[in-house]
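What follows is a single structure, written as structure tokens, with notes after it.
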Amino acid sequence: MQEKQLKAIQNKIASWIKEIESAFIDELFSKIGPSKMLRSKLMLALLNEKTDAILLDKAFNLCAIVEMIQTASLLHDDVIDKATMRRKLPSINALFGNFNAVMLGDVFYSKAFFELSKMGELIAQALSNAVLRLSRGEIEDVFVGGCFNSDKQKYWRILEDKTAHFIEASLKSMAILLNKDAKIYADFGLNFGMAFQIIDDLLDITQDAKTLGKPNFSDFKEGKTTLPYLLLYEKLNQHEQGLLISYFKQDSHEIIEWTKEKFKQYGIIEETLKTAQVYSKKALEAIKGENNLILEKLAQDVIYRTF
């Protein structure tokens, strides 16, 4: 059932892109790889068989808006990170250059906000504020990425801004649309988002490039001090801390092997996983009593995903 709904959302996005009436934009759009549509899967879990056709169409619109915002942010991220692969395919910036990737992201943002303006004030405020937070997080991430970051508080703030708050706002918006308890689903979304991103950080160092659809161990090379590296830094002696800092943004087989050895020595993978599990449990606690089996399963499965 949900696969059919996800397809309807994809068709909605395609129809909105067609409305722009630009062959150039159509070509760029055609090269964007398939999406996990995670936020839509979470949002659709709030629907039930009693949802009427009019409300269902509005729900699909809201999901399409969220997916377009997410795609826009990824298009900009790839330019910032100088990424050449996205979803196992060449990135838009690799195919068409940074300028076109940035402008396509702007097109997605603009069209999404145009459609969002039809969704009501509370929903518009929730999602537009989330995009503001996302942008703040991206800017701070770039500045913090200038050198090794040993401050966990900066990491948590950026993680929440760039990932968790947008998932929180997506679920909150759907709850508002469906006249459900917005706080319950916002709390679920925030904690689910935290768990999701921590696992994302972990997968960068545990999975191979083929599984990820992009090079592994790329976060550290791109200037991101993610949770595994922060936890490792706390465990190392002063000399080894200096080595880790000196390896920041460096790319060599020797550095990766040294890092792998230290991760294993200090149980960093296990500790990172436990942190993600804490947030997964908080997400489950937030929806206790809602009897939402889909969200419960997604929250349980998030820590076991492999890509």
Side-chain angles (χ1 to χ4, degrees), residues 1-44 47 53-54 56-120 123-124 127-128 130-132 134-135 138 162-163 166-167 169-170 173-174 177 209-210 212-215 218 222 307:
M1 178 65 173
Q2 197 176 74
E3 288 302 317
K4 187 177 179 180
Q5 293 174 333
L6 292 173
K7 185 63 178 176
I9 293 163
Q10 291 170 335
N11 291 340
K12 183 85 67 175
I13 294 170
S15 70
W16 286 349
I17 294 297
K18 279 291 181 188
E19 288 176 7
I20 301 170
E21 298 181 340
S22 168
F24 299 113
I25 291 172
D26 289 345
E27 183 181 2
L28 292 168
F29 175 65
S30 72
K31 299 300 181 182
I32 294 176
S35 169
K36 296 174 188 154
M37 300 187 74
L38 169 68
R39 288 145 197 85
S40 289
K41 290 175 183 175
L42 293 166
M43 295 163 73
L44 290 172
L47 300 173
I54 295 175
L56 191 63
D57 190 59
K58 288 183 179 179
F60 290 167
N61 284 352
L62 185 56
C63 288
I65 289 165
V66 165
E67 293 299 334
M68 290 187 78
I69 290 171
Q70 174 65 11
T71 298
S73 72
L74 295 178
L75 286 164
H76 288 176
D77 271 356
D78 285 346
V79 172
I80 293 167
D81 297 337
K82 299 183 175 70
T84 58
M85 297 294 290
R86 166 67 63 182
R87 298 162 185 164
K88 301 184 180 181
L89 295 172
S91 61
I92 297 298
N93 52 301
L95 291 172
F96 299 99
N98 288 341
F99 179 79
N100 283 319
V102 169
M103 293 309 299
L104 183 62
D106 290 349
V107 166
F108 269 67
Y109 273 132
S110 301
K111 184 59 175 171
F113 279 114
F114 175 76
E115 298 299 335
L116 181 59
S117 69
K118 306 172 187 177
M119 298 299 299
I123 291 174
L127 284 176
S128 58
V131 175
L132 176 62
L134 192 158
S135 302
E138 191 63 73
K162 285 188 63 178
T163 303
F166 186 49
I167 294 176
S170 300
S173 297
M174 185 62 86
L177 179 67
K210 183 178 180 181
L212 293 172
K214 61 179 182 178
S218 61
E222 292 170 1
F307 66 95

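It should be emphasised that the depicted structure is a prediction, and the values quoted were computed from it without experimental measurement.
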K58 atom NZ, neighbour heavy-atom count above 12 within 6.0 Å: no
Stepwise side-chain contact (heavy atoms from CB on, under 4.5 Å) check, I65 with W16: CA-CA 10 Å; I65 289 165; W16 286 349; 4.0 Å; yes
Side-chain heavy-atom pair I92, R86 within 4.5 angstrom cut-off: no
Minimum-distance pair of heavy atoms, taken over all atoms of C63 and S40: CB-OG, 3.4 Å
Criterion side-chain contact (heavy atoms from CB on, under 4.5 Å) on H76 and S73, from CA distance to verdict: CA-CA 5 Å; H76 288 176; S73 72; 5.9 Å; no
Pair K7 + E3, salt bridge at N-O below 4.0 Å: no
Any donor-acceptor pair under 3.5 Å from T71 side chain to M68 backbone: no
Note, I20 side chain near F29 side chain (heavy atom, < 4.5 Å): no
Note, I32 side chain near L104 side chain (heavy atom, < 4.5 Å): yes
Contact check, side chains of Q5 and L47, non-hydrogen atoms, under 4.5 Å: yes
K118, NZ: over 12 other non-hydrogen atoms inside 6.0 angstrom: yes
From Q70 atom CD to L75 atom CG, the distance as rounded to the nearest 0.5 Å: 10.0 Å
Closest non-hydrogen atom pair, G33 against L89: CA-CD1, 3.6 Å
Contacts of type salt bridge (Lys or Arg N to Asp or Glu O under 4.0 Å), residue K12, not counting sequence neighbours: D57
Contact check, side chains of L127 and L62, non-hydrogen atoms, under 4.5 Å: yes
Closest non-hydrogen atom pair between S91 and A83, with its separation: OG-O, 2.9 Å
N93: which of V102, I80, D78 passes side chain to side chain contact (heavy atoms under 4.5 Å, CB included): D78
Where at least one partner belongs to residues 79-100, residue pairs that pass ring-ring contact (aromatic ring centres under 6.0 Å, His included), sequence neighbours excluded: none
Heavy-atom closest pair, residues V66 and S170: CG1-OG, 3.5 Å
Point-to-point distance, once rounded to the nearest 0.5 Å, from NZ of K41 to NZ of K36: 9.0 Å
Heavy-atom closest contact (M43 atom, M174 atom, distance): O-CG, 3.5 Å
Sole residue of E21, E19, E67 in salt bridge (charged side-chain N to carboxylate O under 4.0 Å, His left out) with K111: E19
Gap between atom CG of N100 and atom NZ of K31 - 0.5 Å precision: 14.0 Å
Distance in Å, S35 OG paired with L6 CG, rounded so as to fall on 0.5 Å steps: 9.0 Å
Over all atoms of both residues, closest heavy-atom pair of V79 and A101: CG2-CB, 3.7 Å
Which residues share a side chain to side chain donor-acceptor pair (under 3.5 Å) with D77, sequence neighbours left out: none
Criterion side-chain contact (heavy atoms from CB on, under 4.5 Å) on L74 and F108, from CA distance to verdict: CA-CA 11 Å; L74 295 178; F108 269 67; over 6 Å; no
L44 side chain reached by F60 side chain, heavy atoms, under 4.5 Å: yes
Atom pair OG (S110) and CD (E115), whose distance is rounded to the nearest 0.5 Å: 12.0 Å
